[in-house]
Amino acid sequence: MSIRTAVLLALAASSASLATNRYPVDPLASPMWVAHARSLFGNDPVRFDPRVQVGMPMIAENQRVFPVTVDARAIPDVVRIVVIADLNPIPIAIDYRPAAAAAYLATRIKLDQRTPVRAAVQLADGQWLVGGRWIDAAGGGCSAPPVSRVKGDWAIHLGEMRGEAWPNTPTSSRLRISFRHPMDTGLVDNIPSYHLESLTVTGQGGRPIGSMDIWAAVAEDPVFTMMPKAGPGEPLRIVARDTGGREYRASVTVARQTGAKP
């Protein structure tokens with residue numbers, strides 16, 4: 001081995017060690033923790049925090065549709081919520097930026113194998129707080145064709161939207177939006193990647209409520225639940241766009257009284 005090669009190897013090992021030491025030890029011992037941390041957090045401070053509550057079933061009964069809820073309302077000044085499945089081929093599912101909304105998000109994702117599922121929340125001062133746990137899954141959720149592709153009716157229903165909003169308090173509500181979309185990952189033979197890529201919610205007079213970037217790791221026919229700071233009677237406007245450039249628009253008015261649905 002030449003001196004130059006030895007020096008380069010030593011530098012590479014040193015850089016890897018510094019990158020590892022930059023982040024806290026992962027309590028889940030994921031083999032992808034440092035790689036994802038480097039990509040997402042960079043030089044920002046990061047720590048694990050039990051207040052980042054990630055609600056999900058113990059076992060993935062259907063790896064194509066796995067419900068995940070992130071509740072960081074106990075933490076002040078949250079400006080960003082990222083949902084991550086470490087060992088998925090598409091690890092990031094959603095990057096959500098609540099504006100006039102509580103630090104809460106519920107959705108459904110795909111799982112390709114047994115993996116840690118986490119939420120990382122960023123505070124206004126730049127630091128990141130992380131929570132999550134391992135989930136057992138049979139696998140294949142990202143590489144199986146969507147049900148609508150198998151049925152052949154995906155194009156008929158593409159773009160159909162439903163949304164409802166119910167008040168939680170006089171100044172806050174719960175908004176649930178659903179889309180008909182195949183959310184193709186590009187990992188199935190002869191089916192290119194095609195999925196929703198962005199969503200924004202605005203209130204009265206265009207007031208920003210929240211926005212998110214969306215990846216194909218989100219389940220087919222995606223559903224999103226948020227908690228806008230919007231009272232009864234306020235109109236909410238939803239605009240989404242997919243990777244094919246198609247735009248989806250809808251509006252929902254917060255109900256005057258709490259509905260029976262959660």
Side-chain angles (χ1 to χ4, degrees), residues 8-9 11-54 56 63 66 68-70 72 75 77-98 103 105 107-135 137 139 141-143 183-187 192-199 210-219 222 224 241-243:
L8 290 174
L9 290 174
L11 288 173
S14 176
S15 298
S17 177
L18 287 172
T20 301
N21 295 334
R22 182 184 303 155
Y23 309 109
V25 175
D26 180 17
L28 303 182
S30 167
M32 294 300 296
W33 162 245
V34 173
H36 291 326
R38 185 187 298 118
S39 156
L40 182 59
F41 310 131
N43 293 321
D44 295 337
V46 55
R47 60 187 171 89
F48 294 94
D49 193 311
R51 294 176 297 168
V52 181
Q53 298 180 16
V54 185
M56 47 195 167
Q63 63 270 24
F66 183 71
V68 178
T69 299
V70 181
I75 305 171
D77 301 323
V78 172
V79 297
R80 192 173 170 193
I81 299 173
V82 182
V83 178
I84 311 162
D86 281 27
L87 304 183
N88 268 3
I90 305 169
I92 295 180
I94 293 176
D95 187 344
Y96 173 48
R97 294 167 294 282
L105 175 67
T107 190
R108 304 179 303 199
I109 66 174
K110 306 180 184 88
L111 297 177
D112 211 51
Q113 60 180 298
R114 182 175 183 267
T115 180
V117 174
R118 313 178 193 263
V121 305
Q122 188 176 34
L123 309 187
D125 64 6
Q127 70 173 304
W128 290 87
L129 309 180
V130 182
R133 60 183 171 85
W134 280 89
I135 297 300
C142 294
S143 53
M183 298 299 289
D184 295 312
T185 61
L187 301 175
S193 177
Y194 179 50
H195 58 88
L196 293 179
E197 63 178 356
S198 66
L199 181 150
S211 62
M212 63 178 73
D213 295 325
I214 304 166
W215 279 265
V218 171
F224 308 101
R241 182 183 295 273
D242 68 22
T243 52

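Source: prediction; values computed, not measured.
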Can you name the nearest heavy-atom pair linking [X] to [Y], along with the distance?
{"X": "Val78", "Y": "Pro98", "value": "O-CG, 4.1 Å"}
{"X": "Phe66", "Y": "Ile135", "value": "CZ-CG2, 3.6 Å"}
{"X": "Tyr23", "Y": "Ala37", "value": "OH-O, 3.6 Å"}
{"X": "Ala72", "Y": "Val121", "value": "CB-CG1, 4.0 Å"}
{"X": "Val130", "Y": "Ala120", "value": "CG2-CB, 4.2 Å"}
{"X": "Leu87", "Y": "Arg114", "value": "CD1-O, 3.4 Å"}

Quick one: does [X]'s side chain have a donor or acceptor within less than 3.5 Å of a partner on [Y]'s backbone?
{"X": "Ser193", "Y": "Gly186", "result": "no"}
{"X": "Trp215", "Y": "Pro91", "result": "no"}
{"X": "Lys110", "Y": "Ala93", "result": "no"}
{"X": "Thr243", "Y": "His195", "result": "yes"}

Option passing side chain to side chain donor-acceptor pair (under 3.5 Å) with Tyr194 (candidates Asp242, Thr185, Asp184):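 In the set Asp242, Thr185, Asp184, the residue that makes a side chain to side chain donor-acceptor pair (under 3.5 Å) with Tyr194 is Asp242.
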Return the set of residues passing salt bridge (Lys or Arg N to Asp or Glu O under 4.0 Å) with [X] (not counting sequence neighbours), or none when no residue passes.
{"X": "Arg133", "answer": "none"}
{"X": "Arg97", "answer": "Asp95, Asp213"}
{"X": "Asp77", "answer": "none"}

Could you pull out all residues at least two apart from [X] that satisfy side-chain contact (heavy atoms from CB on, under 4.5 Å)?
{"X": "Pro89", "value": "Asp112, Cys142, Leu187"}
{"X": "Asp125", "value": "Leu123, Gln127"}
{"X": "Ala137", "value": "Ala60, Leu111"}
{"X": "Thr69", "value": "Tyr104, Ala106"}

How many angstroms lie between atom [atom1] of [X] and atom [atom2] of [Y], to the nearest 0.5 angstrom?
{"X": "Arg38", "Y": "Asn43", "atom1": "CZ", "atom2": "CG", "value": "11.0 Å"}
{"X": "Ile75", "Y": "Arg51", "atom1": "CD1", "atom2": "CZ", "value": "4.5 Å"}
{"X": "Gln113", "Y": "Asn88", "atom1": "CD", "atom2": "CG", "value": "7.5 Å"}
{"X": "Ile214", "Y": "Ile92", "atom1": "CD1", "atom2": "CD1", "value": "13.5 Å"}
{"X": "Glu197", "Y": "Met212", "atom1": "CD", "atom2": "CE", "value": "13.5 Å"}

Side chain to side chain donor-acceptor pair (under 3.5 Å) involving Thr107 - partner list, sequence neighbours excluded: none
Contacts of type side chain to side chain donor-acceptor pair (under 3.5 Å), residue Asp26, not counting sequence neighbours: Arg118
Derivation of the side chain to side chain contact (heavy atoms under 4.5 Å, CB included) call for Thr115 and Met32: CA-CA 10 Å; Thr115 180; Met32 294 300 296; over 6 Å; no
Ile94 side chain near Phe224 side chain, heavy-atom distance below 4.5 Å: yes
Side chain to side chain contact (heavy atoms under 4.5 Å, CB included) between Val218 and Leu196, worked out: CA-CA 9 Å; Val218 171; Leu196 293 179; over 6 Å; no
Counterpart residues, ring pair (Phe, Tyr, Trp, His ring centres under 6.0 Å), relative to Trp128 (two or more places apart):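 Per chain and number, Trp128 pairs via ring pair (Phe, Tyr, Trp, His ring centres under 6.0 Å) with Phe41.
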